[in-house]
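See below for the structure under consideration.
Every value quoted in this text rests on a predicted model; they were computed, and no experiment measured them. Excluded from the calculations below are hydrogen atoms, water molecules and symmetry mates; all remaining heavy atoms, backbone and side chain alike, are included.
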Amino acid sequence: MGHTATEKAGSGGLTATEHRLANGLRVVLSVDPLTPVAAVCLWYDVGSRHEVKGRTGLAHLFEHLMFQGSAQVKGNGHFELVQGAGGSLNGTTSFERTNYFETMPAHELELALWLEADRMGSLLTALDDESLENQRDVVKNERRQRYDNVPYGTAFEKLTAMAYPEGHPYHHTPIGSMADLDAASLEDARAFFRTYYAPNNAVLSVVGDIDPEQTLAWVEKYFGSIPSHDGKQPPRSGELPDTMGGQLREVVAEDVPSRALMAAYRLPHDGTREADAADLALTVLGGGESSRLYNRLVRRDRSAVAAGFGLLRLAGAPSLGWLDVKTSGGVEVADIESAVDEELARFAAEGPTPEEMERAQAQLEREWLDRLATVSGRADELCRYAVLFGDPQLALSAVGRVLDITPEEVQAVAQARLRPDNRAVLVYEPTAADDSADNDEEADR
């Protein structure tokens with residue numbers, strides 16, 4: 001078992017040690033004796049970008065299948081054992097990874113490690129047609145509840161499909177399509193697991209009131225005998241030009257509460273100074289009620305009831321700047337769009353004021369410190385930086401990098417990227433209002 005330990009400059013005294021098992025599993029430990037809990041986080045280097053056309057949604061489907069039993073833990077046993085021990089747990093899927101996590105009383109850490117190892121090493125023994133059909137239906141129902149049957153629910157799916165061209169690995173979202181979910185066979189699922197759910201394709205982090213030597217002994221005991229797998233192919237390249245080279249646009253007529261303007265801007269890759277500068281720019285422009293767009297659209301003009309601008313950080317493809325404005329009353333989207341473009345142009349010409357820069361950096365610093373202050377948040381960030389950037393230690397110095405960005409860098413990324421010819425635009429027009437107008441006319445007759 002290899003071992004390194006480092007305390008990075010600017011880490012605020014937080015430390016992490018790194019280890020590697022013979023089968024390739026990377027292990028990151030961070031001791032925090034302040035509370036008697038331990039967080040276990042396991043990131044697999046597989047997300048929707050690894051899927052192929054016709055088989056979208058498999059990464060997300062497996063997030064669910066991993067809770068359906070393994071060799072020694074039947075059915076819903078993973079939930080029952082963790083919650084019965086006073087812990088909490090879940091899993092999520094993104095474009096770039098699938099993660100699983102538990103937060104346990106410190107004396108129950110061994111249980112969490114055993115559970116994660118059991119399903120990594122033996123899920124295939126329990127995966128059958130019944131469990132696949134069960135979770136296929138669960139995922140399809142999740143899609144209906146979170147995407148298809150809620151106002152603006154498919155906006156993210158539509159905008160990413162516009163921002164990333166056909167054939168691009170980020171063109172489809174992790175939820176997958178109904179047709180592809182129906183088409184997935186048991187052998188498709190088994191092949192997917194064999195390829196991606198191997199120890200040499202994962203990072204395990206444990207943070208909290210732990211004994212590092214004992215924790216490593218448990219990790220070796222439960223994970224060490226799981227064989228590695230070398231069949232994984234690298235994901236297709238997500239590289240694209242810095243800008244879209246024109247404006248893409250779609251108008252959606254749906255039963256939504258109000259008109260809406262949503263847009264996705266192509267921004268720098270995560271892990272770069274330019275991405276941190278973009279994050280600060282979007283925070284000044286649309287990060288909360290003190291932002292420029294909120295003050296202009298909601299407070300001053302009263303043309304919108306909500307206005308936000310945030311960054312979807314992506315490492316394997318250009319990140320997305322996500323604009324979301326809901327109009328008030330009968331305000332037209334064209335008026336909102338004109339005001340947004342005016343504010344973006346002014347920001348690109350002038351840059352942030354010293355007060356805006358200080359406020360934005362303080363806001364992002366607080367968000368980062370909130371993440372690192374909890375054992376679960378720190379465990380997740382250690383895994384993230386290990387999987388996406390090869391170095392978990394970068395998580396401990398991320399705050400310093402944000403505070404090091406200059407106003408000139410923020411202005412430069414706004415000038416280069418926050419332009420009308422670098423965005424995909426989605427306009428929502430309510431249909432219910434038209435129906436109600438027709439009903440009023442009938443009543444007048």
Side-chain angles (χ1 to χ4, degrees), residues 1 3 14-21 23-46 62-67 69-70 72-73 76-94 97-123 197-226 371-387 392 395-396:
M1 178 182 291
H3 168 86
L14 300 177
T15 61
T17 59
E18 300 175 56
H19 318 265
R20 190 182 292 270
L21 272 58
N23 60 9
L25 178 68
R26 297 181 68 183
V27 183
V28 185
L29 306 182
S30 181
V31 178
D32 183 350
L34 293 181
T35 52
V37 295
V40 173
C41 186
L42 190 58
W43 272 45
Y44 291 92
D45 186 11
V46 57
F62 249 99
E63 174 207 320
H64 289 259
L65 288 171
M66 284 284 277
F67 291 99
S70 48
Q72 301 178 79
V73 183
N76 202 40
H78 196 109
F79 275 99
E80 293 168 356
L81 288 168
V82 171
Q83 293 173 342
S88 60
L89 72 162
N90 213 330
T92 66
T93 312
S94 76
R97 60 94 183 106
T98 310
N99 70 338
Y100 303 90
F101 46 91
E102 296 90 5
T103 300
M104 307 287 284
H107 67 277
E108 296 287 1
L109 171 59
E110 184 181 9
L111 172 62
L113 294 172
W114 175 75
L115 285 167
E116 287 293 358
D118 193 58
R119 60 182 175 181
M120 177 191 282
S122 68
L123 185 89
Y197 280 77
N200 55 317
N201 195 49
V203 173
L204 171 71
S205 68
V206 186
V207 178
D209 188 13
I210 63 174
D211 178 333
E213 290 188 9
Q214 178 62 78
T215 301
L216 285 173
W218 285 330
V219 171
E220 182 66 61
K221 176 181 178 180
Y222 297 122
F223 289 89
S225 61
I226 302 172
R371 289 283 290 160
L372 296 179
T374 67
V375 293
S376 58
R378 197 182 319 158
D380 193 57
E381 292 298 338
L382 290 169
C383 278
R384 172 175 169 247
Y385 277 93
V387 169
L396 306 182

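- Contact annotation: the side chain of L25 approaches that of V219 to within less than 4.5 Å [non-hydrogen atoms, C-beta and beyond].
- Separating the CG atom in L42 from the CG atom in D380 is a distance of 11.5 Å, to the nearest 0.5 Å.
- The shortest heavy-atom contact between L109 and T215 is CD2-OG1, 3.6 Å.
- Counting heavy atoms from C-beta on, the side chains of S122 and Q72 never come closer than 4.5 Å.
- Closest heavy-atom contact between P33 and D209: CA-OD1, 3.8 Å.
- A heavy-atom distance below 4.5 Å is found between the side chains of L382 and L396.
- Checked by atom type and distance alone, the side chain of S30 never pairs as donor or acceptor with a backbone atom of A16 at under 3.5 Å.
- Between atom SG of residue C383 and atom CG of residue D45 there is a gap of 11.5 Å, rounded to the nearest 0.5 Å.
- How far CG of L216 is from OG1 of T17: 6.5 Å, rounded to the nearest 0.5 Å.
- For R378 and E381, the salt-bridge test fails: no basic side-chain N is under 4.0 Å from an acidic carboxylate O.
- Under the 4.5 Å side-chain criterion, counting only non-hydrogen atoms from C-beta, R26 is in contact with P392.
- Contact record, A117 with I226: O-CD1, 3.6 Å, taken as the closest heavy-atom pair.
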Working note: N99 + R384, criterion side-chain contact (heavy atoms from CB on, under 4.5 Å); need CA distance, chi angles, decisive distance, verdict. CA-CA 9 Å; N99 70 338; R384 172 175 169 247; over 6 Å; no
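- For the pair L89/Q83, a side-chain contact is recorded, criterion being any heavy-atom separation below 4.5 Å from C-beta on.
- Considering only heavy atoms from C-beta on, L111 comes within 4.5 Å of M104 through its side chain.
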Between L81 and W114, is the side-chain contact (heavy atoms from CB on, under 4.5 Å) condition met? List the steps. CA-CA 11 Å; L81 288 168; W114 175 75; 4.3 Å; yes
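- Y197 approaches E63 most closely through the heavy-atom pair OH-N, 4.4 Å.
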Passes side-chain contact (heavy atoms from CB on, under 4.5 Å), Y100 versus L115? Steps please. CA-CA 11 Å; Y100 303 90; L115 285 167; over 6 Å; no
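- Of the possible polar contacts, none joining the N201 side chain to the Y44 backbone as a donor-acceptor pair under 3.5 Å is found.
- A donor atom on one side chain and an acceptor atom on the other are not found under 3.5 Å apart for H19 and E220.
- Minimum heavy-atom separation, N23 to F223: ND2-O, 2.9 Å.
- Contact record, L65 with L123: O-CD1, 3.6 Å, taken as the closest heavy-atom pair.
- A distance of 9.0 Å separates CE in M66 from OG1 in T98, rounded to the nearest 0.5 Å.
- Residues R119 and F67 form a side-chain contact, since some pair of their non-hydrogen atoms from C-beta on lies under 4.5 Å apart.
- Contact of the L113 side chain with the L204 side chain is registered, since non-hydrogen atoms from C-beta on lie closer than 4.5 Å.
- For the residue pair E116 / Y222, no side-chain donor-acceptor distance below 3.5 Å is found, with atom types taken as modelled.
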